[in-house]
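The structure under discussion appears below in the form of structure tokens.
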Number of protein chains: 2
Amino acid sequence: MPSKAGIQNETEETVEVCSARIIHRETLAAVQAAMPGDARICDLADFFKIFGDRTRISILWALSESEMCVCDLCALLDMKQSAVSHQLKLLKQSRIVKYRREGKVVYYSLDDEHIRRVLNLGLQHVCE
Amino acid sequence: MPSKAGIQNETEETVEVCSARIIHRETLAAVQAAMPGDARICDLADFFKIFGDRTRISILWALSESEMCVCDLCALLDMKQSAVSHQLKLLKQSRIVKYRREGKVVYYSLDDEHIRRVLNLGLQHVCE
DNA sequence: ATTACATATTAATGTGTGTTCATATGATAA
DNA sequence: TTATCATATGAACACACATTAATATGTAAT
């Protein structure tokens, strides 16, 4: 969980770190230098975490076809309205979907084209 | 009073489904027809779920720089060897990483270019 | 053989998270 | 106002999951 380990020492010898030993000191140093900051790593993981749920993937796939209101999504997924609303809240907090209100009805849609591309890339991997 | 724009259908009737009501029957039918099967949805969600973890994203980012052995990954992430091995197992089960053995040492690397592209797409979204 | 090392696995624990029930907004119409 | 509908939110439960400790493989050297 902590992000950095100390690897600055002597030459090509193995060094004790967190009860393990470093074998390739140079590779490790290079990779360490190229690693993004901790905050960015967490943001990335949180972003993908949103996609990692059956219900949310279904919602996103549906919205990639057409904008939809909450109660139609409930019917499509055969799920309780509160369950769908909870997931839509997560999706909108991550700026993955946007919404517009028309009277009592709220219409949701994908936030941008990135989302569609992420879905398609994932599908390619799954289908190969 | 506000004249409705956008998706709407004069001949629609509301219908009871799972304690909710369908507002846009045609939209619903169209989206329903375009939805992938249940198995494919689950596969997609499971694929993204693997990316939705801080430790695994760090591993993938590291491997996108260079193939690495387990104990160097431990040092890089400052984590216990068993924790890293557990995550590597998940990553390899999803065919996201591959490995090769050289004596006692096992080297892991990204399985294909899809993975790198998924990471980069996610980063774009997070950084904007 | 035995020793040492790199990695994998099992079992248990604690935390995170998706769904449900109940209730609260917000909006329109009577 | 009151009533109804569409959606949002809060709390609680149940399950999934990441980490740990301990142990088990597998490989090479002595």
Side-chain angles (χ1 to χ4, degrees), chain A residues 1-2 13-24 41-42 45-46 48-59 67-75 77-94 97 99-108, chain B residues 1-4 7-8 12-24 42 45-46 48-59 67-75 77-94 97 99-108:
Chain A
M1 317 200 346
E13 298 220 358
T14 63
V15 180
E16 277 277 359
V17 171
C18 76
S19 77
R21 286 167 184 71
I22 297 172
I23 297 187
H24 310 88
I41 290 284
C42 287
D46 289 341
F48 286 121
K49 198 173 295 180
I50 298 293
F51 287 80
D53 176 80
R54 192 184 176 296
T55 297
R56 290 189 294 263
I57 283 284
S58 298
I59 291 177
E67 75 168 2
M68 293 184 76
C69 70
V70 179
C71 78
D72 286 348
L73 279 171
C74 292
L77 306 176
D78 192 23
M79 288 181 63
K80 302 287 168 70
Q81 178 265 321
S82 65
V84 174
S85 265
H86 278 301
Q87 299 308 335
L88 286 171
K89 182 178 186 177
L90 292 180
L91 288 168
K92 113 178 101 160
Q93 280 174 343
S94 305
V97 304
Y99 66 97
R100 67 185 178 87
R101 177 152 221 148
E102 211 172 87
K104 287 183 283 192
V105 182
V106 176
Y107 295 92
Y108 283 86
Chain B
M1 319 159 216
S3 59
K4 297 185 181 178
I7 307 170
Q8 136 204 15
E12 287 170 355
E13 311 169 25
T14 63
V15 179
E16 278 275 357
V17 169
C18 76
S19 79
R21 286 163 186 74
I22 298 174
I23 298 186
H24 311 88
C42 286
D46 288 342
F48 285 121
K49 197 174 295 182
I50 297 293
F51 286 80
D53 176 80
R54 192 184 177 293
T55 296
R56 290 190 294 264
I57 283 283
S58 297
I59 291 176
E67 74 169 4
M68 291 183 77
C69 70
V70 180
C71 79
D72 285 349
L73 279 171
C74 292
L77 306 176
D78 192 23
M79 288 182 63
K80 300 287 167 70
Q81 179 265 322
S82 68
V84 173
S85 265
H86 278 300
Q87 299 309 335
L88 286 170
K89 182 179 187 177
L90 293 179
L91 288 168
K92 107 179 106 162
Q93 280 175 343
S94 304
V97 304
Y99 66 97
R100 68 185 176 87
R101 176 151 220 149
E102 210 172 88
K104 288 181 283 191
V105 182
V106 176
Y107 294 92
Y108 283 86

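Convention: sequence-line order gives letters A, B, ...; per-chain numbering from 1.
At the phosphate of C/dC21, neither OP1 nor OP2 sits under 4.0 Å from any side-chain N or O atom of A/Gln81. OP1 and OP2 of D/dA8 both lie 4.0 Å or more from every side-chain N or O belonging to A/Ser82. Residue B/Lys92 places at least one side-chain N or O under 4.0 Å from the OP1 or OP2 atom of C/dA8. Residue A/Arg101 places none of its side-chain N or O atoms closer than 4.0 Å to OP1 or OP2 of D/dA6. Between A/Arg21 and C/dA4 there is no side-chain polar atom (N or O) within less than 4.0 angstrom of OP1 or OP2.
Listed here is the closest heavy atom pair of A/Val70 and A/Val84: CG1-CG1, 4.2 Å. The shortest heavy-atom contact between B/Ile57 and B/Phe51 is CG1-O, 3.0 Å.
Ring pair A/Tyr99/A/Tyr108 is tilted by interplanar angle, where 30° to 60° counts as tilted.
Between B/Val106 and A/Thr55, the one whose closest nucleotide on DNA chain C sits nearer the 5' end is B/Val106. Mapping A/Gly103 and A/Leu90 onto DNA chain C by nearest heavy atom places A/Leu90 at the nucleotide closer to the 5' end.
In this structure a side-chain-to-backbone donor-acceptor pair under 3.5 Å is missing from B/Arg56 to A/Ala45.
In the set C/dT9, C/dT19, D/dA18, the nucleotide with an atom closest to the side chain of B/Arg56 is D/dA18. Closest to the side chain of A/Ser85, out of C/dC21, D/dT7, C/dT7, is D/dT7.
Under the salt bridge (charged side-chain N to carboxylate O under 4.0 Å, His left out) criterion, A/Arg54 pairs with B/Asp38, not counting sequence neighbours. Judged as a salt bridge (charged side-chain N to carboxylate O under 4.0 Å, His left out), and not counting sequence neighbours, B/Asp53 has no contacts.
In this structure, A/Leu77 places its CG atom 13 Å from P of D/dT7, rounding to the nearest Å. Atom-to-atom, CG of B/Asp78 to P of D/dA18 comes out at 19 Å; the value is rounded to the nearest Å. At whole-Å resolution of the value, NZ in B/Lys80 and C1' in D/dT20 are 7 Å apart. Rounded to whole angstrom, the span from the CZ atom of B/Arg54 across to the P atom of C/dT15 amounts to 17 Å. Atom pair B/Tyr108:OH and C/dT7:P shows a separation of 8 Å (rounding to whole Å applied). Protein atom NZ of B/Lys104 is 17 Å distant from nucleotide atom C1' of D/dA24, rounded to whole Å. Protein atom CE of B/Met68 is 15 Å distant from nucleotide atom C1' of C/dT7, rounded to whole Å. Rounding to whole angstrom units, CD of residue A/Gln93 and P of D/dA8 are separated by 12 Å.
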Quiz prompt | Contact state string [nucleotides 11-16 of chain D, B base, S sugar-phosphate only, - no protein heavy atom under 4.0 Å] | solution = B-----

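Of the inter-residue distances, the one linking B/Gln87 atom CD with B/Ile59 atom CD1 reads 6.0 Å to the nearest 0.5 angstrom.
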